[in-house]
Amino acid sequence: MDIAGRPSQEIYDVVGIGFGPSNMSLAIALEEHGASSPQHPIRSHFFERQPRFGWHRNMLLPSTTMQISFLKDLVTFRNPVSRYSFISFLHASDRLVQFVNNQDFYPTRLEFHQYLEWAAAGLTERVTYGAEVTSIRPLTEAGAEAPGLLEIEVRDADGTTSAVTARNVAISTGLVPRLPEGMTAGERVWHSSEFLGRFNAQDPSELRSVAVVGAGQSAAEITRFLYDSLPHAEVSAVIPSYGYSVADDTPFANQVFDPNAVDEYYFGTERARDSFWRYHRNTNYSVVDGDVIRALYQRSYDEQVRGTRRLHFRNLTRVSEIAHTEDATRMVLHSVLDDHTEELAVDALVFATGYDGLDPARLLGGFDQNFLRDATGRHRVTRDYRLVTASDLTCDVYLQGGTEHTHGLTSALLSNIAVRSGEIADSIVLRRTERELGRGGLVEAARSAA
Ligand code: FDA
Ligand code: NAP
């Protein structure tokens, strides 16, 4: 494959798989390392399966806001003077003054998306879009005893496959949409991750009855959006709890997202790790920001005042079955309140039922057997985010995501990506130096360090 004019036989120090915020942050950390060490830069390239940069585009609903401070951008916690900071973006967009006047730490998702697009535009040479990585295999270099190279197979948008070679990979393929067991998506049955694309393809007048399943942030945002966008429609919210619970973003609880918390989690006891989850799962999962909860309650209350009702909350209820008929989707709802089961027919059904974490085994295939797992079957991961191997491989598989069990709650979030990417970049540099020294490259390494 010819990548941005480079010869296909180039051996990269690292190939990044996926170009969402995590690997963008890594690309920037590597670029900034290269700027400080121009004589020995890290050779990297990234592959992204989307045709252009996009960050959860199907959830860019009007008025939705970020769940982190703008200072938790791609770089600031690692390098506050980076040219890729959110503040630099505001300055370049001629909006810094107005942003400050607005006095809000939490930009809209639309504005953060603009920021990420702006940063991606500065990194175009490092990424190939419309390129899906389909597998990773070990390769043994001529004369070497153990595999020290990885062959990464990439499929282009037109279905053509080719391969590139690298010493390391950084897998950052993101969350995987999850439907309840036994349920499948369809023409009018969507997961929240595909929501806007699907919704915009419909004739709104045909959506007279819609339902949203789930009680997390996605569910609450989509319920509000459907209620506001379809003034003629009945909107049912199927929520497994008695009502939406608030996301705890108060300062002490927020400390679980601090860079230091990663060390405390990683090096803590099993009991400490359990406590993180027991006490602080409600900072992120199955919870909703207070302003969205209040906005929904206000709509419900206004209906009571007006004496009309088209927003229906089905509390303590789960979907147990769905059936597609020609003109509707029939849902079987089970309420644990009275152990009652009922049917509901809707024109469109949205499962905002969350995501599974990144699983590297999907890409590693048979190569995954080289990596160790813990007693419960989860991958073992070093503090610097490498899969642990018992074999004599000298190449590394880094993870950005899929490490909640080892590194804690920030694994699938944005809060720590600047610091994590810096740690991964440092590890790649350090291990390259160690490898070169190990191969008798002492003189070369010393020259590079000078
Ligand atoms: P992300 O999923 O963003 O990127 C992965 C990329 O890999 C994608 O672009 C995908 O196309 C690509 N890819 C996948 N497989 C590939 C393959 N085989 N080959 C090539 N490319 C491949 N967190 C937070 O801290 N604050 C927030 O405000 C939010 N907001 C938010 C909103 C919504 C709607 C969701 C669903 C999630 C959030 N999150 C969040 C959590 C979210 O995980 C986080 O914002 C980032 O998306 C994490 O960035 P990553 O780069 O790790 O994954
Ligand atoms: P989530 O928090 O995992 O919530 C999934 C919800 O679906 C839970 O309430 C779950 O209930 C429910 N559910 C699962 N199966 C069900 C069934 N069969 N019947 C009824 N309910 C069922 O997922 P999410 O809301 O998509 O959030 C995922 C991540 O994206 C979070 O990090 C969130 O903060 C983020 N996000 C951010 C924004 C933003 O920045 N504005 C917007 C959307 C999402 P149980 O708890 O009982 O399983």
Side-chain angles (χ1 to χ4, degrees), residues 16-26 46-61 63-69 72 74 106-109 112 116 127-136 152-155 171-183 191-193 195 212-222 237-241 244-245 247 249 257 281-289 292 314 316-322 331 333-334 351-358 362-363 399-402 409-417 420-421:
I17 302 166
F19 203 61
S22 301
N23 265 353
M24 284 174 70
S25 179
L26 177 61
F46 294 79
F47 293 98
E48 167 56 53
R49 69 179 172 195
Q50 296 184 85
R52 62 193 165 121
F53 176 79
W55 175 63
H56 304 306
R57 276 184 190 274
N58 284 317
M59 282 295 289
L60 285 181
L61 303 172
S63 307
T64 53
T65 56
M66 293 301 293
Q67 298 191 300
I68 45 157
S69 157
K72 291 187 174 180
L74 297 171
Y106 302 92
T108 59
R109 290 192 6 83
F112 204 77
L116 294 173
V127 54
T128 304
Y129 290 100
E132 177 172 15
V133 171
T134 50
S135 71
I136 302 166
I152 298 112
E153 193 174 272
V154 186
R155 187 169 52 213
I171 302 181
S172 183
T173 47
L175 299 165
V176 182
R178 182 178 58 221
L179 292 175
E181 223 181 306
M183 319 258 161
H191 185 266
S192 55
S193 58
F195 176 69
V212 182
V213 179
Q217 184 72 17
S218 299
E221 287 181 1
I222 291 172
V238 179
I239 58 181
S241 51
Y244 301 104
S245 292
D249 63 351
F257 302 121
R281 193 177 188 278
N282 70 342
T283 51
N284 186 48
Y285 289 109
S286 309
V287 286
V288 182
D289 285 348
V292 183
R314 293 168 189 277
L316 291 177
T317 299
R318 298 184 87 84
V319 182
S320 51
E321 228 180 290
I322 55 169
M331 317 163 63
L333 301 178
H334 182 80
F351 279 113
T353 44
Y355 296 81
D356 291 325
L358 180 164
R362 288 173 189 231
L363 278 176
L399 296 184
Q400 296 236 57
L409 274 85
T410 52
S411 170
L413 299 175
L414 300 174
S415 327
N416 197 42
I417 56 173
R420 181 176 68 205
S421 296

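Just so you know, ligand 1 is whichever comes first in the structure, and atom 1 is the first atom listed for that ligand.
At the shortest separation from atom 23 (O) of ligand 2 among protein heavy atoms lies G354 CA, 3.3 Å. Here the heavy atom of the protein found nearest to atom 41 (N) of ligand 2 is E221 OE2, 2.8 Å. Atom 15 (N) of ligand 2 has its closest protein heavy atom at R318 NH2, 3.4 Å. Nearest non-hydrogen protein atom to atom 11 (O) of ligand 2 is P240 CG, 3.3 Å. The closest protein non-hydrogen atom to atom 4 (O) of ligand 2 is G216 CA, 3.8 Å. In terms of protein heavy atoms, atom 40 (O) of ligand 2 is closest to Q67 CG, 3.3 Å. Among protein heavy atoms, atom 26 (O) of ligand 2 sits closest to S218 OG, 2.7 Å. Nearest non-hydrogen protein atom to atom 6 (C) of ligand 2 is A352 O, 3.5 Å.
At distances below 3.5 Å, not a single donor-acceptor pair connects side-chain atoms of N58 with backbone N or O atoms of F195. Between the side chain of R314 and the backbone N or O of L333 there is no donor-acceptor pair closer than 3.5 Å.
Residue contacts with ligand 1: R109 is included, with a non-hydrogen atom under 4.0 Å away. Residue S218 places no heavy atom under 4.0 Å from ligand 1. Look at S172 and you'll find a heavy atom under 4.0 Å from some atom of ligand 1.
Considering backbone and side-chain atoms together, P21 places an N or O closer than 3.5 Å to an N or O of ligand 1. Close N/O approach between N23 and ligand 1 is not found [any backbone or side-chain N/O within under 3.5 Å].
In R178, the CZ atom is crowded: over 12 heavy atoms of neighbouring residues, nucleotides or ligands sit closer than 6.0 Å.
Within the 4.0 Å heavy-atom criterion, neither part of S241 lies near ligand 2. Contact annotation for M59 and ligand 1: only side-chain heavy atoms (C-beta onward) come within less than 4.0 Å of the ligand. Only backbone heavy atoms of A131 (N, CA, C or O) come within less than 4.0 Å of ligand 1; its side chain stays farther off. No part of I239 comes within 4.0 Å of ligand 2, judged by heavy-atom distances. At a heavy-atom distance under 4.0 Å, atoms from both the backbone and the side chain of E48 approach ligand 1.
Counting heavy atoms only, T173 comes closest to atom 16 (C) of ligand 1 of the residues L399, T173, I171, T65. Distances from atom 26 (N) of ligand 1 to the heavy atoms of I417, L414, V154 put L414 nearest. The closest heavy-atom contact to atom 46 (C) of ligand 1, among the options F257, W55, Y129, Y355, comes from W55.
Using a 30° and 60° split on the angle between ring planes, F46 and F19 fall in the tilted class, from 30° to 60°. Note on ring orientation: taking the six-membered ring where Trp is involved, the planes of H56 and Y355 are tilted (angle from 30° to 60°).
Shown in contact with A412 at under 4.0 Å from a heavy atom are these atoms of ligand 1, numbered in order with element: 41 (C), 42 (C), 43 (O), 44 (C). Against a heavy-atom cut-off of under 4.0 Å, L413 is close to the following atoms of ligand 2: 32 (O). Short contacts between ligand 1 and L175, defined as distances under 4.0 Å to a heavy atom of the residue, involve ligand atoms 43 (O). Atoms of ligand 2 lying under 4.0 Å from any heavy atom of T65, numbered from 1 in the order shown and given with element: 39 (C), 40 (O), 41 (N). Close contacts between ligand 1 and I68 involve ligand atoms 25 (O), 26 (N) [criterion: under 4.0 Å to a heavy atom]. Against a heavy-atom cut-off of under 4.0 Å, R109 is close to the following atoms of ligand 2: 39 (C), 40 (O), 41 (N). The P180 neighbourhood of ligand 2 comprises atoms 18 (N), with distances under 4.0 Å to a heavy atom of that residue. Set against the non-hydrogen atoms of G174, the atoms of ligand 1 under 4.0 Å away are 2 (O), 5 (C), 53 (O). Which parts of ligand 1 touch Q67 is read off a 4.0 Å heavy-atom cut-off, strictly below it: atoms 27 (C), 28 (O).
For the 3.5 Å distance criterion, the side chains of D289 and Q67 qualify, holding a donor opposite an acceptor.
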